[in-house]
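First the proteins, then the strands, lettered A, B, ... as listed; each starts at 1.
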Amino acid sequence: MSILDDLNPFQREAAATVEGPLLVLAGAGSGKTRVLTYRIAYLIQEMGVEPWNILAVTFTNKAAGEMRERVENLVGDLAKDIWIGTFHSICARFLRVEAEKFGLERSFTIYDEDDRRAAIRRVFESHKIDDKEMTPRSVIGQISRAKNAMLDPASFAAEAGEAPNRKLIAELYTAYEADLRRNNALDFDDLLVETVRQFDNHPEILEKYQRRFRFSLVDEYQDTNKPQYMLCKQLAAHHRNFCVVGDDDQSIYQFRGADLRNILDFERDYPDAKTVRLEQNYRSTARILEAANQVIGNNKDRKGKKLWTDGPDGDLLELVQCDTDRREARFVVETLRKQVGSGGYTPGDAAILYRTNAQSRSLEEELQRSGMPYTIVGSIRFYERREIKDLLAYLRILTNPADDVGLRRVINMPRRGIGDTSLDHLQRYALNHGLNLFAAMGFLDQVEGLNARAKKHMGEFKAIIDELAAAKDEVTLPELGQRLFERSGYQQMLLDENNPEAETRTQNIEQLIAFMTEFCETRDEVTLDSFLEEVALMSPMDEAGDTSRMITLMTLHSAKGLEYPLVFMCGMEENLFPTARAIEESRSKQNQQAIEEERRLCYVGITRARQRLYLTYANRRYAYGNMIDCEPSRFLQEIPDELYSVKREVVEFNPRTRQPGRNRFADKSPKERSDRSGAPVRKKIPKDKPKGVHYEWDEGVKPPPQLDAFADFVDQDDFLAVGQWVRHASWGRGQIIARDGHGENMKLSIRFGPHVKKVAVAYAQLEPA
DNA sequence: CAGGGACAAAATGAA
DNA sequence: TTTGTCCCTG
């Protein structure tokens, strides 16, 4: 009697082969996670392996948490001592634990994408780079690529040669690295690269871990990049009980440096490796699997395997052509309503997948109208919100005062009368004396050019930070958060703003503090550093929370590893999926790599579906505010016709022109449409309308004055959508800016403070039919 | 120094 | 259509 009796023969072989290198090629839905968890349980229960001798690496925290939970179900509390984590979190742990020996500061900050951009901008400034000739984005991209290729600035420069820019980039790369070091910060790439480098330089420390991890497992091996690959190699070198699980057909992170060769060449790297294939699928119907097999069969660069099932054929796939993206969204929502109503499905059974985050918008609007519960993974990420990032920046400074990027972010937030000029003076002093900004604030009297006011304000800021930093080890994390919220003046600032927007932001901060409490309760070892680290390494999936009761909207990338009875794949159009860039690359470089990666993504999408799969595309779609024509994705043709039910078209015709889709009211509700009947003849928006006219109002004033403001230059009757923006706007002090009209459209922005809070489009009326 | 308005740029994906 | 920045003004 063994725990492995629950597995099929192939799964059992994969779980029981614990000695030596093992490659498990696990197709989608073949019970991969099951194999991994049973393998761990088997090691502990039947092989007598101590949990702390096992290392399991995943790609997301969510996957790590799930794995731990499932192992716990099998072996109980012992699961707590297994090292389970993501590459990034495990590396961060190595770097902190060994900080002293590695010559690092323990409290390093992890820079996210924004911080990185801010840092590179500073480098641009000091190198007098005009961001017209070179965008921060492209430079960051090149630096990141260099890091993932394990090239330091020197070797990057050495490789230079042809490209004239390359020398300059190498210089910027050098400066960027120096900046990070000065700020005691590491970016995402550094976490991996630095760990590998340090292990290379400190073999005795590496050896400690090599000995410790007698058995190591890596999930999603097809998505490892070079440093991850090398780290695996380093850690597994001693015991060589190294098990990797992956699916070459699901490699979708090339843009992040993932190298398909890592899995394709595993048997070459480890000649004594055993390979086990898991091809029986327990997830999808036969038809869905057939579609997936057909699509992926067009790829050349793969190991080759074919999923099969002994389950039912299932329903045919539905292919739906829609007039516009709006209509597409409506189709999805209407179908969902039916399936949830009489189809016997729950909202939690459904996922709506798309290629780009931007596509979520029209879908969300429709869902909102429908009243069905939904959640969007990764669109407006909680930890990307301004107020959250501000508070986190404060916290970062408390533990790492050298964090200039964080300091710049909040030194004048709330407004303290410390402007750019004063900061420049401080920065100059700091540079001259080899200090970071915070340290420089200790010598305010010596800083040239600072006026008394700025000195006073900076002194006050420093005092607040000092006070909170002193308290950080005395009080609990949530208390620290609360105290920071108050003492920094942030709370008062939001109170003063006194509008619904500020209220939401206050609530968000309260939620952050609540999360701190939860963090303290669920962790053994709680430090400010560990909290900040957890937050920095959080993935959008990790933030999504409980998705079991809601329709889930997410990108195809986020969907990897998940499954749903009901799946919609939207925006199946050329130039969107595959992306224009991938198509362009296949044309210019004459290679299919980019297209093949898109195709793998398509394969991932299809194999998420258990029972029903809808594929939708639009004839026309909004992009940057105007309609563009679209063509169906090539991937749709790669699925054989007999797998589709009768092709459906959802097109609305303009009754007046008898042309498809020319009727801009087609997407309005019947009520809105009928409101138009008997309306006055269209009026032209006056040509001499002053440009940029704006109307201001005071706090507490309600809609009517604003409508009057519009009526001043355009008759109110001309607008159908007025009610819409009125509903959405909030009533603080503000202004309305009338932008130029575009034919029949009139664009109106409602601004509050420095940011546009709500933009509405009001449509002039059409002539009656 | 703060805030407004003109103007340019944007969006592939994510730890 | 939305967001970010740059320059100008009070």
- How long is the line joining OH of A:Tyr111 and C1' of B:dA15, in whole Å? 18 Å

- Phosphate OP1/OP2 of B:dT12 contacted by A:Asn575 side-chain N/O (<4.0 Å): no

- Item | Identified side chain to side chain contact (heavy atoms under 4.5 Å, CB included) partner of A:Leu353 from the options A:Val604, A:Leu562, A:Val567, A:Thr552 | A:Val567

- Task: Mind calculating the distance between CZ (A:Arg599) and C1' (B:dT12) to the nearest angstrom?
- Result: 18 Å

- Would you mind classifying the nucleic acid contact of A:Asn412 as base, sugar-phosphate or nothing, using non-hydrogen atoms under 4.0 angstrom? sugar-phosphate

- Message: Both A:Glu113 and A:Arg416 contact DNA chain B. Taking the nearest nucleotide for each, which residue is further toward the 5' end?
- Response: A:Arg416

- Task: Answer with base, sugar-phosphate or nothing: what part of the nucleic acid does A:Asp420 contact at a heavy-atom distance below 4.0 Å?
- Result: sugar-phosphate

- Task: Specify the separation, in whole Å, of atom CE of A:Met413 and atom P of B:dG3.
- Result: 10 Å

- Could you tell me the separation between the CZ atom of A:Arg137 and the P atom of C:dT3, rounded to a whole number of Å? 17 Å

- Item | Atom-pair distance (CZ on A:Arg581; C1' on B:dA11), nearest Å | 10 Å

- Task: Please say whether the positively charged group of A:Arg256, taken as NZ for Lys or CZ for Arg, lies over the ring of A:Tyr253, i.e. under 6.0 angstrom from the six-membered ring centre and within 45 degrees of the axis.
- Result: yes

- Message: I need the CZ-C1' distance between A:Arg600 and B:dG13, as an integer number of Å.
- Response: 13 Å

- Message: Looking at B:dG13, I'd like to know if its phosphate oxygens (OP1 or OP2) sit under 4.0 Å from a side-chain N or O belonging to A:Asn357.
- Response: yes

- Query: Looking just at side-chain N and O atoms, do A:Gln427 and A:Arg408 make a donor-acceptor pair shorter than 3.5 Å?
  - Reply: yes

- How about A:Phe94 and A:Phe199: are their ring centres within less than 6.0 Å of each other? yes

- Task: Establish, for the pair A:Arg96 and A:Phe108, whether the NZ or CZ atom is under 6.0 angstrom from the six-membered ring centre and no further than 45 degrees off its axis.
- Result: yes

- Reckon A:Arg415 has a side-chain N or O less than 4.0 Å from the OP1 or OP2 of B:dG3? yes

- Message: For B:dA15 and A:Ser89 - does any side-chain N or O of the residue sit under 4.0 Å from the phosphate oxygens OP1/OP2?
- Response: no

- Message: Under 4.0 Å, heavy atoms only, any strand: does A:Thr60 hit a base, just the sugar-phosphate, or nothing?
- Response: nothing

- Query: Within less than 4.0 Å of OP1 or OP2 of B:dA14, is there a side-chain N or O belonging to A:Thr555?
  - Reply: yes

- Message: Side chain of A:Arg355 only, heavy atoms from C-beta on: which candidate in B:dC1, B:dA14, B:dT12 is closest?
- Response: B:dT12

- Task: Could you pick out which residue, A:Gly417 or A:Asp189, lies toward the 5' side of DNA chain B when each is mapped onto its nearest nucleotide?
- Result: A:Gly417

- Message: Angle between ring planes, A:Phe59 versus A:Phe87, binned at 30° and 60°: parallel, tilted or perpendicular?
- Response: perpendicular

- Closest of B:dT12, C:dT2, B:dA14 to the A:Arg361 side chain is C:dT2

- Item | Atom-pair distance (CD on A:Glu574; P on B:dT12), nearest Å | 17 Å

- Message: Under 4.0 Å, heavy atoms only, any strand: does A:Arg117 hit a base, just the sugar-phosphate, or nothing?
- Response: nothing

- Given C:dT5, is OP1 or OP2 found less than 4.0 Å from the side-chain N or O atoms of A:Arg121? yes

- Note on the structure: note: A:Glu584, atom CD; B:dA11, atom P; distance rounded to Å ~ 19 Å

- Task: Indicate, with a heavy-atom threshold strictly under 4.0 Å, whether A:Leu601 touches base, sugar-phosphate, or nothing.
- Result: nothing

- Base, sugar-phosphate, or nothing for A:Thr356, non-hydrogen atoms under 4.0 angstrom? sugar-phosphate

- A:Phe59 stacking on B:dA15: centroids under 5.5 Å, ring planes under 30°? no

- Task: Ignoring the backbone of A:Ala358, work out which of B:dT12, B:dA11, B:dA15 is nearest its side chain.
- Result: B:dA11

- Message: With a cut-off of less than 4.0 Å, is there a side-chain N or O of A:Thr86 near OP1 or OP2 of B:dA15?
- Response: no

- Quick one: is A:Thr421 getting a side-chain N or O under 4.0 Å of the B:dC1 phosphate, OP1 or OP2? yes

- Query: Using the C1' atom in both, what is the distance from B:dT12 to C:dT5, to the nearest Å?
  - Reply: 24 Å

- Item | Contacts of type side chain to side chain contact (heavy atoms under 4.5 Å, CB included), residue A:Pro632, not counting sequence neighbours | A:Tyr617, A:Leu636

